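Bear in mind that the values here come from a model prediction, so they are computed numbers and not experimental data. In what follows, chains carry the letters A, B, and so on, assigned in the order in which the sequence lines appear, proteins first and then strands, with residues in each chain numbered from 1.
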Amino acid sequence: MIEIKNLDVIFGPKPERALALLDAGQGREQIREDTGLVVGVNNANLTINKGEICVLMGLSGSGKSSLLRCINGLNETTRGSINIEHNGEMIDFVNADVDTQREIRMTRISMVFQKFALMPWLTVAQNVAMPLELQGIDTKEIKTRVAAQLELVGLDQWAKLKPSELSGGMQQRVGLARALVTESDILLMDEPFSALDPLIRTQLQDELIQLQEKLHKTIIFVSHDLDEALKLGTNIAIMKDGIIVQQGKPEDIVLNPADDYVRQFVAHTNPIHVLQASSIMRPITEMLLTEKGYCLSKRHDYWLSEDQQQVYYRGDKFSPQLWQCGQDIAKLTAAPTCVPADTAMQDVMEIRYHTDHSVFIMKGNDEDLDHNEKIQGVIGDKELYHTLLGKMMLED
Amino acid sequence: MEQFKLPLGNYIETFVDWLVDNGASFFDAISESLEWMIALFTNALLWFHPIAFIIVVVAIALYFRRSIGLAVYSVLALLLIWNLGYWVETMQTLALVLYATLFCMLIGLPIGIYAAHHPLFYKILQPILDLMQTVPTFVYLIPTLTLFGLGVVPGLISTVIFAIAAPIRLTYLGISEVPKDILEAGQSFGATKRQLLFRIELPAAATSIAAGVTQCIMLSLSMVVIAALVGADGLGKPVVRALNTVDISSGFEAGLAIVFLAILLDRLFKAGQAK
């Protein structure tokens, strides 16, 4: 677990000069004009729990890397604290003495770099062994630990090659193995996949997710790509001009962007992997209840009976069928379908397309679905289009 | 204008005189121990029979350089030098050059590393290095002569002064061009400053430092004739003698021996082709 509290980073000589101006509420530009100092991070507060992947997102120069690099001291923190669990107690890394900081770097925190940062004169195995050698661990133990790590990332055949003989994706696997070999519980990843081509990037993202399911590290991941952030992050913090402008779960970010800056990011992302059916549906409580039942659409003569057992569409009567995650969508008949609340938007779209009917959202999640659960909302074309176009129902 | 001539030369002379008066025993001690060390090394080289020496060189060429061409060249060049009758002089020159290079590296490497870590120091160092490379050699040959007396030692010291700028510059260059991200990788895994230097900076700068060694050897070789002027033994001596007696044939032969030795050392020590 990591707790970052009121953290400021200011670059330049005598950075304390800018703190008072910062407290007085002066902006980044103003401070640069007055003092020549650059505000890297401004009053960041962030908590990352064990097993979480927190993605720091933002354009270049937004301070995301600066914040990340404070956690292991590659950047100096001007003010604030970073609490890290070390030997059973919480320690403020910023104010720890040099030896403790070094110990934390060796055993608690490891880092993966954007440009891999491998030693070109060492072999793959020697590169992975380096952090352990710096700790002075004996050669035999290093050998077994390195071998185990190389196998984990699928590099055991390439152990004797030099990094320059490997592709970019392979090189970053070496970087990852080197970071994992210390068995530290915190992993800092500074745009680790940005230098790779899109196919390899997706592949390494998937591998990271798989590894994380096994290893449960505390990961802080810097990215400028919201799609990557949405895919990997259990939490996302979006930064602009050194300030964290929004933090929350991936769905929160997509559904409720805090300002135009975040909205712009969201506008360029594809929400269908992120959103759940329950967050884009039209709740049944908003529908008009008449003697014919709930009115789904007057124009299309589309009704749901009050007991929720029947659907009437232009005079025809249907009994809704049930779909759950893992079922073959192609086998559904052309009739309304009920799905669990946590069904992915992608599946909803596919069902809508295949059945030619609206999709009804039940109250329970897929795992603990009670077949007698009531319907809580509906998704038709209108809801799907609104979500894709970035407009929410509330604004209607 | 000349009536008010600044007595700059006098100042230096007074300073050197003061050094001679007060530090004579100190400089004598240095001079004697250096002379003893060089004599020891020269004798060690001469202890090998020329054929044994040639075999060693060929073995180095084949094992470290993996070059049959270089092995063939070594055999021909060394046999020719032997045949011309300059074997002893060549070994003396080799001892002087290798010693000068050793001293240059012993002094130059730490200075280069320190300069790379302290930019301000390098700013001050730079004009001094320029000065050492551009001041005509004879100018500092005179004070070294008065301090250390005739012989191989003033030759060695002048050679070191002339050649040391190259390894300092190339070490500085190598260390300051180590990519920032691999340094940060080291730091992020908790490397101490010492570990950073020995495990990351020096290996990363190895090619550049090796280039410094080769350059240093070449610069030292170019000083052998000047070293001979103050009494250093070696291939410079026959050149100087030939100059004084206008002896074209022996001047040409000794010069040829220097060239062959230079090419041999350059190819044997050249950076970037190791393994």
Side-chain angles (χ1 to χ4, degrees), chain A residues 65 68-76 86 93 98-122 126-137 162-163 171 174-176 178-184 186-192 195, chain B residues 63-66 105 109 112-113 116-124 167 170-214 269-275:
Chain A
S65 273
L68 179 87
R69 291 155 57 89
C70 283
I71 299 171
N72 67 353
L74 284 182
N75 276 357
E76 205 164 316
H86 180 53
F93 182 82
V98 177
D99 287 336
T100 314
Q101 285 191 341
R102 187 166 170 256
E103 219 179 291
I104 290 177
R105 280 194 198 123
M106 277 198 304
T107 58
R108 293 278 157 232
I109 307 178
S110 48
M111 189 159 175
V112 181
F113 295 81
Q114 181 179 7
K115 286 175 189 144
F116 322 136
L118 302 173
M119 316 298 154
W121 63 91
L122 298 178
Q126 286 168 333
N127 263 294
V128 176
M130 188 172 228
L132 300 180
E133 283 170 4
L134 293 175
Q135 292 181 33
I137 290 172
K162 294 274 168 67
Q171 288 188 41
V174 181
L176 193 59
R178 181 177 65 177
L180 294 175
V181 80
T182 61
E183 285 164 18
S184 56
I186 298 170
L187 196 57
L188 306 180
M189 307 185 82
D190 190 359
E191 302 206 26
Chain B
Y63 185 77
F64 289 105
R65 291 281 155 221
R66 302 273 160 94
M105 292 319 291
L109 198 63
I113 293 168
H117 291 162
H118 301 83
L120 194 68
F121 174 72
Y122 186 66
K123 260 190 185 159
I124 301 166
L170 282 161
T171 305
Y172 165 83
L173 195 73
I175 299 272
S176 50
E177 279 184 350
V178 174
K180 202 170 153 236
D181 59 343
I182 66 171
L183 276 178
E184 288 184 339
Q187 283 169 350
S188 74
F189 290 110
T192 58
K193 279 197 170 152
R194 203 190 157 80
Q195 286 174 325
L196 280 182
L197 178 65
F198 284 101
R199 310 204 59 132
I200 295 177
E201 288 179 300
L202 285 179
T207 324
S208 184
I209 292 171
V213 175
T214 325
F269 286 89
K270 192 153 218 155
Q273 295 165 353
K275 275 185 190 174

Tested for side-chain contact (heavy atoms from CB on, under 4.5 Å) against V128(A), the lone hit among V174(A), L180(A), L176(A) is V174(A)
Might you work through the side-chain contact (heavy atoms from CB on, under 4.5 Å) test for F189(B) and R178(A), ending with a clear yes or no?
CA-CA 10 Å; F189(B) 290 110; R178(A) 181 177 65 177; 3.6 Å; yes
Looking only at L118(A), L74(A), N72(A), most heavy-atom pairs under 4.5 Å shared with chain B are made by L74(A)
Applying a strict 4.5 Å limit to non-hydrogen atoms, the region of R69(A) in contact with chain B is side chain
Whatever's closer than 4.5 Å to a heavy atom in chain A on I200(B) counts as both
Between E201(B) and the options Q195(B), H117(B), K193(B), the side chain to side chain donor-acceptor pair (under 3.5 Å) test singles out H117(B)
So CE of M130(A) and CZ of R199(B): to nearest 0.5 Å the spacing works out to 5.0 Å
Applying a strict 4.5 Å limit to non-hydrogen atoms, the region of P179(B) in contact with chain A is neither
Rounding to 0.5 Å, atoms CG (L134(A)) and CZ (R102(A)) come to a distance of 7.5 Å
Heaviest contributor of heavy-atom pairs below 4.5 Å to chain B, chosen from E133(A), E103(A), Q135(A), Q101(A), is E133(A)
